[in-house]
K.L.:
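Got a structure here, written out as structure tokens. Questions coming.
Every chain is numbered from 1 and lettered A, B, ... according to where its sequence line falls, protein lines coming before strand lines. The shown structure was predicted, so the numbers you read here are calculated from the model rather than taken from an experiment.
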Protein chains: 2
Amino acid sequence: MPASGKAETVSLAKIKIACKQCALRELCLPLGLDESDMKELDNMLKRRRTLKKRDYLYRIGDSLHALYAVKAGSLKTVGLMEDGRVQVVGFHLPSELLGLDAISSDKYTCDAVALEETELCEIPYQALEETAREIPGLQRQLLRIMSRAIVQEEHQLMLLGKMTAEERLAVYLLNLSKRQERLDLPADTIRLSMSRQDIADYLGLALETVSRLFSRFQDDGLISVSGRQIELTDMLKMRQILGQCESIKTGKKCAE
Amino acid sequence: MPASGKAETVSLAKIKIACKQCALRELCLPLGLDESDMKELDNMLKRRRTLKKRDYLYRIGDSLHALYAVKAGSLKTVGLMEDGRVQVVGFHLPSELLGLDAISSDKYTCDAVALEETELCEIPYQALEETAREIPGLQRQLLRIMSRAIVQEEHQLMLLGKMTAEERLAVYLLNLSKRQERLDLPADTIRLSMSRQDIADYLGLALETVSRLFSRFQDDGLISVSGRQIELTDMLKMRQILGQCESIKTGKKCAE
DNA sequence: CGATTTCTTGAATGTAATCAACACTGGTGG
DNA sequence: CCACCAGTGTTGATTACATTCAAGAAATCG
């Protein structure tokens, strides 16, 4: 283990804070990087991007230039079928990474669309790959992040393949709650940045079904709905909808 | 570009053949490796494993020791819900890799079960990660493989979220056909190693629905069914079920 | 060969989709 | 500031697709 002088510690603390602000803690914060590593990373992450609501970050078939980390706002990634059917593949909140699907073929396989005013960090992929070679911890972290994406999607497969409409929405809300908590936001107040249609396209339901479920949950005292503002008024009862399977369904087990 | 003497070429050819037999071409064949790299890889891949039908390769919660490449036979990976519901997350044929989900948390998140007599190569993960540091091409390939898994699961999300039962089975059969082709097996003859129940649990359907669809496809002249032996007698008509979306649905677009 | 598992087929049911009408929201310009 | 309008969300009625329940046939295994 290398000795750590005071200068290094300070610098490290500084850059970690920067990284936290930049919402990239997913990628680099957990690492034990030395100062020069940090510089390299920092150089890579200079570029910013801002999107307005409905702007595309990238489209299906675009060449992979970069991965993106959400700094503020939110996006959806959407898979399309030529006959117009769409599947929302993911929602991306601050601190989360987009674009991993493009690594295999050098093309993005989904459209990525901002759901609101959104800020991102651009991570040029070529540079990231090269840097990962030099910084073992970064390589490791990158692999972990990709693996986590796989696990997350496996949960979604289970949701789409085996769960009722009611369960799907309960999972969805609890999952959003959990992700907010990680950002040090209140767990029981959710401001949805996506439409009912988006939620439906994510959960494999019709938008009317989603709307009805919001109403039913409200009638049952689980939530309080005011447009896109949701209060989780009875988390316990909400979890009971999921029976004993919370851990799998909300992603608790594999989220960390 | 380094000069390549005769000795190196021969050795490289030899190991590539070994790798092909070992069904690991996914991982190392596309790389430009030099001789010492090859040795290192080869050392890593020494261990073999053989499973009988219904044997578990690993279970949910087991610690990640290794990734596995299927050499012969087939497996399913299964996600479980405590109340007994199951979702088959994937089927794994020769040349395909299992265990990527475990990298994020050091635990496998699915059960992996052999569907028949199955042979595998064990790839100790720790060693793989370290080797990937030293061989840039390997790191790159590993990232690509993981990205491809993500893309594949995204297709499955679309299938489960947006496709009819009929379309799901058509996609499934065409996908199997394509994977067989890649192994230099006939594209129009499929011997299913999985039960109707497994297929149903993969496609998010009831087993009766799957059974009925096989019958209907046969009545419509698309396939000829004899238990688990399927002949694709009219691929064209089968593709027409999918409308214009073949490329997405059969994985053609992103498989390579 | 018998016994168990797997598969097929039929009938009834149910969950969520679709179709349809209306209400609310939020942004824009008069 | 209000009215308007497009987009978004709610609710009801009907329909449809796939599930469930049930029974029997076929295949597989010991």
K.L.:
Without decimals, in angstroms, what is the distance between B/E208 CD and C/dT6 P?
P.N.:
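My rounded result for the distance is 14 Å.
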K.L.:
Would you mind telling me which residue lines up with the more 5' stretch of DNA chain D, B/R54 or B/R216, judged by nearest nucleotide?
P.N.:
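Closer to the 5' end of DNA chain D: B/R216.
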K.L.:
Between B/I241 and B/F217, is there a side-chain heavy-atom distance shorter than 4.5 Å?
P.N.:
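Yes, at least one pair of side-chain atoms sits under 4.5 Å.
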K.L.:
Would you say that A/V70 contacts A/P94 through its side chain, given a criterion of any heavy-atom pair below 4.5 Å between the two side chains?
P.N.:
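Yes - at least one pair of side-chain heavy atoms lies under 4.5 Å apart.
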K.L.:
Send over the distance from A/R168 CZ to C/dT15 P, rounded to a whole Å.
P.N.:
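It works out to 14 Å between those atoms.
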K.L.:
From CD of B/Q218 over to C1' of C/dC7, roughly how many Å is that when rounded to an integer?
P.N.:
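Answer to the nearest Å: 13 Å.
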K.L.:
A/Y108 vs A/Y68 aromatic rings, parallel, tilted or perpendicular, using cut-offs 30° and 60°?
P.N.:
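A/Y108 vs A/Y68 ring planes: tilted.
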K.L.:
What I want to check is whether an N or O donor and acceptor connect the side chain of A/R212 with the base of D/dG9 at under 3.5 Å.
P.N.:
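A donor-acceptor contact between them is absent.
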K.L.:
Could you state the atom-to-atom distance from CD1 of B/I199 to P of C/dT8 in whole Å?
P.N.:
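So the two atoms are 9 Å apart, to the nearest Å.
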K.L.:
Please determine whether a side-chain nitrogen or oxygen atom of A/R196 lies at a distance below 4.0 Å from atom OP1 or OP2 of D/dT10.
P.N.:
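Checking D/dT10 against A/R196, a side-chain N or O does come within under 4.0 Å of OP1 or OP2.
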K.L.:
Could you tell me the separation between the CG atom of B/L205 and the C1' atom of D/dA18, rounded to a whole number of Å?
P.N.:
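Nearest whole value for this atom pair: 8 Å.
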K.L.:
Rounded to whole Å, please give me the gap between CG in B/L169 and P in C/dT8.
P.N.:
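In whole Å, C/dT8 P lies 11 Å from B/L169 CG.
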K.L.:
On DNA chain D, nearest-nucleotide positions of A/V225 versus B/L207: which is more 5'?
P.N.:
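Closer to the 5' end of DNA chain D: A/V225.
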K.L.:
Can we say A/E116 and A/R228 salt-bridge, meaning some charged N sits less than 4.0 Å from an Asp/Glu carboxylate O?
P.N.:
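Judged by the 4.0 Å cut-off on N to carboxylate O distance, A/E116 and A/R228 do not form a salt bridge.
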K.L.:
Quick check for you: among D/dT10, C/dA16, D/dC29, whose closest atom lies nearest to any side-chain atom of B/K53?
P.N.:
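Nearest nucleotide to the side chain: D/dC29.
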K.L.:
How many Å lie between CD on B/E116 and P on D/dC29, as a whole number?
P.N.:
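Computing the B/E116:CD to D/dC29:P distance gives 12 Å.
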K.L.:
Nearest-Å distance, CD (B/E166) to C1' (D/dA16)?
P.N.:
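Atom-to-atom, B/E166 to D/dA16, this comes out as 14 Å.
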K.L.:
From the options D/dT10, C/dC7, D/dT19, select the nucleotide whose nearest atom is closest to the side chain of B/S211.
P.N.:
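From the listed options, C/dC7 comes nearest.
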K.L.:
According to a strict under-4.0 Å criterion, is A/R228 in side-chain N/O contact with OP1 or OP2 of D/dG9?
P.N.:
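Yes, within the criterion.
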K.L.:
For A/S195, answer base if it contacts any base atom (sugar-phosphate contacts may also be present), sugar-phosphate if it contacts only those atoms, and nothing otherwise; contact means non-hydrogen atoms under 4.0 Å.
P.N.:
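Counting heavy atoms under 4.0 Å across all strands, the contact made by A/S195 is with sugar-phosphate only.
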K.L.:
For D/dT11, take OP1 and OP2 only and decide whether either is under 4.0 Å from a side-chain N or O of A/S215.
P.N.:
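Result: yes.
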K.L.:
Quiz question: by atom type and distance under 3.5 Å, do the side chains of A/S226 and A/Q229 form a donor-acceptor pair?
P.N.:
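No - no donor-acceptor pair under 3.5 Å links their side chains.
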